[in-house]
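Notes to accompany the following structure.
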Amino acid sequence: MKLKHIAAAAMLSVALVPAFAKISFTDDTADLVALVLNDDIGSYSLDLGITLGEFKAGAVTAGYSFSVAIGDAYPTSFAGQSLTWGIFAVDADGFSGGEFSMLIGGSNGSTPPNNYTNYEQAAATMGGFALALSSKDSGATGHFQAASGNEFSPKGESTQYTENVFIGSLNLPVTNPVATSTALYLLSSPDNVIQETFKYNGLASFNGQTFNYNSLVQPPPPIPEPGTYALMVAGLAAMGLFVRRRKQDR
């Protein structure tokens with residue numbers, strides 16, 4: 001089974017290259033994709049226009065944030081409905097060596113489980129989903145053939161995202177209720193044996209109109225200017241002289 005997953009993933013990695021004008025699932029050029037869904041209506045997908053590499057570099061620094069509004073394909077049928085959302089990115093460059101990483105959000109603020117199936121299947125599954133999106137509107141200029149493309153897939157379409165069919169089937173939840181926040185986690189398998197989970201210090205959210213991320217990393221303490229050091233030394237010297245004179249007076 002494992003060899004089948006690797007072989008399927010290897011073929012998928014080749015197929016993804018010409019299919020996408022924007023979305024990538026290779027190395028740190030993999031794009032962050034946002035999802036909004038209601039299983040009875042359909043699913044909405046948005047390329048956030050941010051690469052995994054950009055996020056990994058920015059999310060560990062103070063003040064990093066992004067805000068991306070929903071696009072023209074966002075369905076009016078979602079209004080007033082119960083919706084869930086998520087953000088994911090897949091680095092599927094290591095198909096042949098079994099090295100994978102996936103960025104996902106927790107479910108209702110909880111940490112993703114460590115007992116997920118395997119990275120070969122996860123990467124191939126999400127890569128296949130993105131490939132299907134790209135193929136659906138191969139000539140559309142406002143969707144996944146363009147930067148920050150977006151797509152709505154009504155219920156019953158092959159490109160409808162449902163958690164049970166995709167990530168949810170692998171016990172990797174990526175959905176949260178609208179107007180809630182979640183941390184983002186980088187799941188990685190460096191050597192196809194060791195599994196690691198890294199939690200970024202920040203919160204992602206979706207308020208029904210925009211996807212946001214704000215880093216909670218604190219800035220380092222300011223480094224005193226040379227002049228400040230000089231004043232500190234002079235002050236300490238003055239205090240020492242004062243104490244010395246008081247002792248002499250006694």
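- Counting only heavy atoms from C-beta outward, the side chains of T197 and L186 never approach each other to under 4.5 Å.
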Verdict with supporting geometry, D31 and T51, side chain to side chain donor-acceptor pair (under 3.5 Å): CA-CA 4 Å; D31 291 294; T51 67; 6.0 Å; no
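- Residue E157 qualifies as enclosed at atom CD: its count of foreign heavy atoms under 6.0 Å is above 12.
- Contact check for I70 versus T210: no side-chain heavy atoms found under the 4.5 Å cut-off.
- Summarising the geometry, atom CD belonging to E163 is positioned 3.5 Å from atom OG1 belonging to T175; distances are rounded to the nearest 0.5 Å.
- N150 and Y74 are not linked by any side-chain donor-acceptor pair at a separation below 3.5 angstrom, with hydrogens and angles left out of the test.
- Taken to the nearest 0.5 Å, the OG atom of S67 stands 4.0 Å off from the CG atom of N212.
- Look at D39 and K155 and you find no salt bridge, because none of the NZ, NE, NH1 or NH2 atoms lies under 4.0 Å from a carboxylate O.
- Remark: side-chain polar atoms of N207 are not paired, donor with acceptor, to backbone N or O of A179 under 3.5 angstrom.
- Looking only at distances, a side-chain donor or acceptor of W85 sits under 3.5 Å from a matching main-chain atom of P177.
- Between atom CG of residue D72 and atom CD of residue E151 there is a gap of 9.5 Å, rounded to the nearest 0.5 Å.
- One finds the NZ atom of K199 at 10.5 Å from the CG atom of L184 (value rounded to the nearest 0.5 Å).
- Ring pair F129/F88 is tilted by interplanar angle, where 30° to 60° counts as tilted.
- Grouping the Ile, Leu, Val, Met, Phe, Trp and Tyr side chains by contacts below 4.5 angstrom, directly or via other members, places V165 with L35.
- The main-chain N or O of V217 is found under 3.5 Å from a side-chain atom of S215 such that the two form a donor-acceptor pair.
- You'll find the side chain of Q81 reaches within 4.5 Å of the side chain of I41, heavy atoms only.
- Ring pair F66/Y213 is parallel by interplanar angle, where below 30° counts as parallel and above 60° as perpendicular.
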Test log, rule ring-ring contact (aromatic ring centres under 6.0 Å, His included), inputs F152 and F78: CA-CA 11 Å; F152 173 65; F78 272 0; 5.8 Å; yes
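- Linking Ile, Leu, Val, Met, Phe, Trp and Tyr residues whenever their side-chain heavy atoms come within less than 4.5 Å places V60 and Y64 in a single cluster.
- Side chains of T162 and N164: no donor on one and acceptor on the other come within 3.5 Å.
- T180 has its side chain out of reach of F206: every pair of non-hydrogen atoms, C-beta onward, lies at least 4.5 Å apart.
- Atom OH of Y185 sits about 15.5 Å away from atom CE of M102, to the nearest 0.5 Å.
- At least one side-chain heavy atom of V178 sits less than 4.5 Å from a side-chain heavy atom of L83.
- Taking 4.5 Å as the limit, every side-chain heavy atom of L203 sits out of range of all side-chain heavy atoms of T182.
- The closest side-chain heavy-atom distance from L103 to L32 is below 4.5 Å.
- Between A62 and Q218, the shortest heavy-atom contact is CB-C, 3.9 Å.
- Checked against a 6.0 Å centroid threshold, the rings of Y161 and Y44 do not count as neighbours.
- Of the possible polar contacts, one joining the S153 side chain to the T159 backbone as a donor-acceptor pair under 3.5 Å is found.
- Side chains of S181 and S205: a donor-acceptor N/O pair is absent below 3.5 angstrom, by distance only.
- For the pair L48/F211, a side-chain contact is recorded, criterion being any heavy-atom separation below 4.5 Å from C-beta on.
- Placement of I87 and L216 in two distinct hydrophobic clusters is found when ILVMFWY residues are connected by side-chain heavy-atom separations under 4.5 Å, directly or transitively.
- With hydrogens and angles left out, the side-chain atoms of Q160 and S43 include no donor and acceptor closer than 3.5 Å.
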